[in-house]
Amino acid sequence: MVNQIRQKLGKNAVPLQLPIGAEDQFKGVIDLVQMKALVFNDETLGAEYEVVDVPEEFRADAEHYREKMVESIADSTTICWRNTWPGRDAGHR
């Protein structure tokens with residue numbers, strides 16, 4: 001799914017959340033910024049949710065995608081800084 005989004009939006013697209021389950025097994029999302037899982041309440045159709053630790057079976061994927069997210073932010077910040085800081089070295093564009 002992430003690769004499909006990258007193809008449509010460009011190489012710098014990174015997820016901020018990962019799904020927990022899919023279709024009729026969808027239970028919530030993992031917030032990669034906070035590294036917490038938001039588990040939706042079935043009775044309220046997701047209007048209410050519980051914030052819990054990332055389930056162990058999703059932890060490796062969550063850590064992988066969080067690392068990619070942080071790297072992308074760092075790369076974007078560096079590019080922005082180089083393009084806006086006075087006296088920058090033009091060779092670093």
Side-chain angles (χ1 to χ4, degrees):
M1 180 171 67
V2 173
N3 288 333
Q4 292 173 344
I5 292 171
R6 281 194 184 124
Q7 288 175 351
K8 288 184 179 184
L9 299 179
K11 68 177 184 173
N12 294 333
V14 294
L16 299 177
Q17 296 180 331
L18 296 177
I20 300 173
E23 298 178 10
D24 62 337
Q25 298 298 313
F26 182 69
K27 301 292 182 197
V29 296
I30 297 169
D31 181 329
L32 297 175
V33 175
Q34 298 292 322
M35 283 303 283
K36 291 290 184 180
L38 286 66
V39 179
F40 301 137
N41 182 330
D42 289 338
E43 295 173 4
T44 64
L45 301 175
E48 295 177 6
Y49 59 89
E50 182 180 358
V51 178
V52 298
D53 290 335
V54 175
E56 191 61 37
E57 64 266 27
F58 296 103
R59 181 159 293 282
D61 280 346
E63 289 174 352
H64 169 77
Y65 284 108
R66 178 183 169 83
E67 182 178 326
K68 296 296 182 188
M69 177 188 68
V70 170
E71 287 173 2
S72 180
I73 292 167
D75 289 346
S76 295
T77 301
T78 300
I79 290 167
C80 182
W81 179 81
R82 286 179 181 158
N83 289 331
T84 59
W85 191 257
R88 68 187 180 275
D89 179 0
H92 284 89
R93 283 189 173 185

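What's counted below: heavy atoms across the whole structure, side chains too, no hydrogens, waters or symmetry copies. Here the structure is a predicted model, which is why all the values come from computation and not from measurement. Nothing fancy with the numbering, it's 1 onward along the sequence.
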Step through the shown structure and confirm whether more than 12 heavy atoms of other residues, nucleotides or ligands are within 6.0 Å of CD on Glu43.
no

Heavy-atom nearest pair, Pro19 first then Phe26, reads CB-CE1, 3.9 Å

Closest approach of Ala62 and Leu18, non-hydrogen atoms and distance?
CA-CD1, 3.9 Å

Are there more than 12 heavy atoms of other residues, nucleotides or ligands under 6.0 Å from atom CZ of Phe58?
yes

Of all heavy-atom pairs between Arg66 and Val33, which one has the smallest distance, and what is that distance?
NH1-O, 2.8 Å

Which pair of heavy atoms, one from Asp42 and one from Lys27, lies closest together, and at what distance?
OD2-NZ, 4.3 Å

Does Tyr65 have more than 12 heavy atoms from other residues, nucleotides or ligands lying within 6.0 Å of its OH?
no

Do Val29 and Val54 sit in one hydrophobic cluster, given that two such residues count as connected whenever their side-chain heavy atoms are within less than 4.5 Å of each other, even indirectly?
no

Taking every non-hydrogen atom, the tightest pair across Met69 and Leu32
CE-O, 3.6 Å

Can you tell me how far the CE atom of Met35 sits from the CD1 atom of Ile30, to the nearest 0.5 Å?
7.5 Å

Worked check of side-chain contact (heavy atoms from CB on, under 4.5 Å) between Lys36 and Asp53
CA-CA 5 Å; Lys36 291 290 184 180; Asp53 290 335; 2.6 Å; yes

